[in-house]
Amino acid sequence: MINIKSSSSNNNNITDSNISNSGTNDVVIGASVTDIIFLNTTYDVSKESVDSGGELIRKWYYRAHTQDTSGTDVENATIDIYNGTSENPYVTLITNATGWTNITHIIEYVNNGGVKTIYDTSVIAANFNQTLWDDHEYN
């Protein structure tokens, strides 16, 4: 179990972990504990507890690859990732010569005091030179 109760523990990352068989809770975040990021960490979300004033951010790794309709890798394509509610992307990536972007982190949800804002309706849009365009939802 991860139990973070002190506000002196703000700005912590738990990365590449698997939390299981913890009993009542896998994750407990106390009041006034903020910017706790779980990156690529698996646990039972029904066993997540975030007190009022606490904040937990759950993220995953993401990397995009672009090809044109003939299967050729596309260099310098822009990949924008939107949170599903804002008109502005919260992540912008550019593809390299092999059509791949760098690995980034995308948000699944933010839990503020027990209220989750879900980002898994993220829209990922690829654009090259305003001529090739595609988008899809990430879930």
Side-chain angles (χ1 to χ4, degrees):
M1 174 172 73
I2 303 291
N3 187 347
I4 304 172
K5 290 286 193 174
S6 170
S7 62
S8 64
S9 298
N10 290 346
N11 304 310
N12 273 300
N13 294 336
I14 292 82
T15 303
D16 299 331
S17 299
N18 185 350
I19 304 165
S20 61
N21 300 319
S22 300
T24 304
N25 290 104
D26 285 349
V27 174
V28 177
I29 306 298
S32 302
V33 178
T34 58
D35 294 320
I36 304 299
I37 296 172
F38 284 80
L39 173 61
N40 198 45
T41 297
T42 302
Y43 58 88
D44 184 345
V45 294
S46 71
K47 293 182 175 185
E48 176 184 285
S49 175
V50 180
D51 292 344
S52 179
E55 179 188 61
L56 177 149
I57 303 166
R58 192 157 186 202
K59 295 182 174 187
W60 300 97
Y61 295 119
Y62 181 79
R63 187 176 190 199
H65 182 249
T66 57
Q67 293 181 324
D68 63 19
T69 55
S70 65
T72 303
D73 296 330
V74 177
E75 183 178 10
N76 292 320
T78 301
I79 309 295
D80 288 326
I81 303 174
Y82 301 84
N83 67 10
T85 59
S86 174
E87 292 183 17
N88 298 314
Y90 74 93
V91 174
T92 297
L93 304 167
I94 304 294
T95 59
N96 62 25
T98 63
W100 287 98
T101 64
N102 290 333
I103 296 172
T104 192
H105 307 154
I106 60 173
I107 301 170
E108 179 182 357
Y109 63 82
V110 176
N111 185 336
N112 281 308
V115 177
K116 288 183 182 177
T117 302
I118 307 292
Y119 282 58
D120 67 343
T121 55
S122 293
V123 174
I124 300 169
N127 179 0
F128 176 70
N129 221 10
Q130 299 296 323
T131 59
L132 298 172
W133 183 266
D134 188 26
D135 61 31
H136 67 275
E137 289 188 10
Y138 175 82
N139 186 341

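Applying the side chain to side chain contact (heavy atoms under 4.5 Å, CB included) criterion to D16, with sequence neighbours excluded, gives N40, Y61. In this view, S17 satisfies the side chain to side chain donor-acceptor pair (under 3.5 Å) rule with no residue, not counting sequence neighbours. The side chain to side chain contact (heavy atoms under 4.5 Å, CB included) check on T117 picks up Y119, with sequence neighbours excluded. For T98, the side chain to side chain donor-acceptor pair (under 3.5 Å) test picks out N96, with sequence neighbours left out. Every residue was checked against the side chain to side chain donor-acceptor pair (under 3.5 Å) condition with H105, not counting sequence neighbours, and none meets it. Take S70 and apply the side chain to side chain contact (heavy atoms under 4.5 Å, CB included) test, not counting sequence neighbours, and it matches D68, T72. For N18, there are no side chain to side chain donor-acceptor pair (under 3.5 Å) partners, not counting sequence neighbours.
Judged as a salt bridge (Lys or Arg N to Asp or Glu O under 4.0 Å), the pairs with a partner in residues 51-66 (not counting sequence neighbours) are, in order, K5-D51, R58-E108. Under the salt bridge (Lys or Arg N to Asp or Glu O under 4.0 Å) criterion, the residue pairs touching residues 29-49 are E48-K116, with sequence neighbours excluded. Contacts classified as ring pair (Phe, Tyr, Trp, His ring centres under 6.0 Å) and involving residues 10-41 (residues at least two apart or in different chains) are given here: F38-Y43.
At a threshold of 4.5 Å between non-hydrogen side-chain atoms, the residues I107 and Y90 count as touching.
Side-chain contact annotation: D80 with T92, donor-acceptor N/O pair under 3.5 Å present.
The heavy-atom pair separating A77 from T66 by the smallest distance is CB-OG1, 4.0 Å.
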